[in-house]
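Below: one structure, written as structure tokens.
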Amino acid sequence: MTGQNTESQPPSPPTRSTCRFCGTHLSQSFVDLGSSPLCQKHVPPSKVQEAELYFPLHAYVCTECYLVQLDEFVVPSEIFGDGEYAYFASFSDSWLAHARRYVDAVSERFKLGKNSFVIEIASNDGYLLQNFVERGVPVLGIEPASNCAAAALKKGVESRVCFFSAETARRLVDEGKRPDLLLGNNVLAHVPDVNDFVAGMQLLLADTGVITMEFPHLVRLIAENQFDTIYHEHFSYFSFTTVRRIFARHGLRLFDVEELPTHGGSLRIYACQDKAAHLTTERVGALLAQEKQLGVETSEYYASFAEKVRETKRRLLEFLIQAKRAGKTVVGYGAPGKGNTLLNYCGIRRDFIDYTVDRSPHKQNNLLPGSRIPIHAPEKIFETKPDYVLLLPWNLKEEIMSQMAGIRKWGGKFVVPIPSVQVFDPSVQAFE
Ligand SMILES: [Zn+2]
């Protein structure tokens with residue numbers, strides 16, 4: 001973290017063990033994933049002899065508003081503490097393409113041009129806003145990790161190094177910076193004080209402006225057993241029903257929603273000031289009805305998830321034990337946050353996986369937190385020719401299997417762990 005100004009500190013968290021939205025005591029367990037280190041804290045070679053901090057990873061569901069959340073609070077300065085947050089969005093081709101398509105669509109729909117103003121919360125290295133810059137639309141990024149903000153500046157994306165909060169919003173309003181489009185992708189889940197955050201967005205948004213936010217859809221997490229997307233940096237997991245309730249409490253109306261394939265199934269919500277003229281689309285009512293039918297506002301809907309997770313662990317270990325007994329070599333692909341939840345919860349270390357690879361040079365030559373599996377550049381796979389490549393970022397499996405299709409030369413196969421172990425043979429299946 002650069003500087004000691006108060007703006008770079010996150011707002012205080014709500015009291016532990018109560019719902020971070022409605023304050024109800026959290027009594028229903030959703031899933032207990034044991035304890036693990038923070039998932040972005042890769043271990044550099046110089047720290048191999050040092051201890052790692054472990055935190056409990058236990059998700060609860062609120063029996064009042066049905067917000068799924070972690071009960072144990074980790075201060076975000078721990079997460080971004082050294083200003084060297086390792087996640088650079090620009091290292092995924094499909095995510096870059098997704099951002100570009102979004103900018104094209106939203107610019108067209110809301111007529112954004114030179115006289116508009118766009119703010120992105122958690123703008124990372126400017127991978128999305130750079131598309132607005134190309135179109136001549138003025139932008140501002142808000143990004144707590146200073147190394148990401150510095151990378152953004154090189155793309156011509158001005159960024160402020162701070163967490164977004166109601167206080168940040170007040171300062172921007174004082175400067176006359178009220179955006180026509182306020183967006184945040186994969187940030188809502190990371191917010192410790194969701195009330196302060198959403199109140200800040202309402203304060204900041206221009207009267208006729210539009211908010212769009214993308215976040216993984218809880219309904220898909222449950223249906224497809226994506227328990228590895230639960231990690232300390234993700235405090236909250238939203239259904240459409242619950243997120244609508246949170247926004248409504250702060251004077252924002254959700255007028256449209258899209259279901260996206262990203263991150264295993266995400267929602268993109270469109271919000272405006274309660275009294276703004278944007279017409280509410282039929283998709284809003286349809287998704288609410290669909291969630292009601294599933295039972296998202298009943299405790300039963302959440303009750304069976306934990307056992308599904310335990311069974312997935314048993315299946316993955318079964319596969320790995322059989323592979324190792326048969327003398328096969330297994331390596332990983334990717335070093336995403338979700339991979340660490342999977343590996344640490346399942347107790348998979350170098351006893352099963354020799355190493356993993358990642359395209360991001362910021363991750364290479366470090367060790368994964370907890371499991372201490374080394375991270376190399378992808379070329380390593382072509383040097384060592386392993387029998388199996390376990391895909392940790394399974395949400396990008398098509399992209400990776402196509403990039404890595406060359407493993408068929410020595411009979412290598414891909415293994416996808418979620419929703420449950422599946423083996424793909426690239427010599428018989430083609431990938432886009
Ligand atoms: Zn609640």
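Counting starts at 1 for both ligands and their atoms, following the listed order.
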Sidechain N-carboxylate O distance under 4.0 Å for [X], [Y]:
| X | Y | value |
| --- | --- | --- |
| Glu311 | Arg315 | yes |
| Arg245 | Glu297 | yes |
| Asp207 | Arg178 | yes |

Review point. Is the closest side-chain heavy-atom distance between Ile373 and Phe352 below 4.5 Å?
Key: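 Result no, sub-4.5 Å side-chain heavy-atom pair not found.
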Point to revise | Atoms named by residue and atom, protein N, O or S, within reach of the Zn ion (ligand 1) (under 2.8 Å) | key: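 Near the Zn ion (ligand 1), the protein supplies Cys19 SG, Cys22 SG, Cys62 SG, Cys65 SG.
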Review point. Any idea how Phe110 and His278 line up, ring-wise: parallel (<30°), tilted (30 to 60°), or perpendicular (>60°)?
Key: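 Ring orientation of Phe110 relative to His278: perpendicular.
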Exercise for review: Give a yes or no on whether the ring-centroid distance for Phe227 and Tyr345 is below 6.0 angstrom.
Suggested key: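 Yes - the distance between ring centres of Phe227 and Tyr345 falls below the 6.0 Å cut-off.
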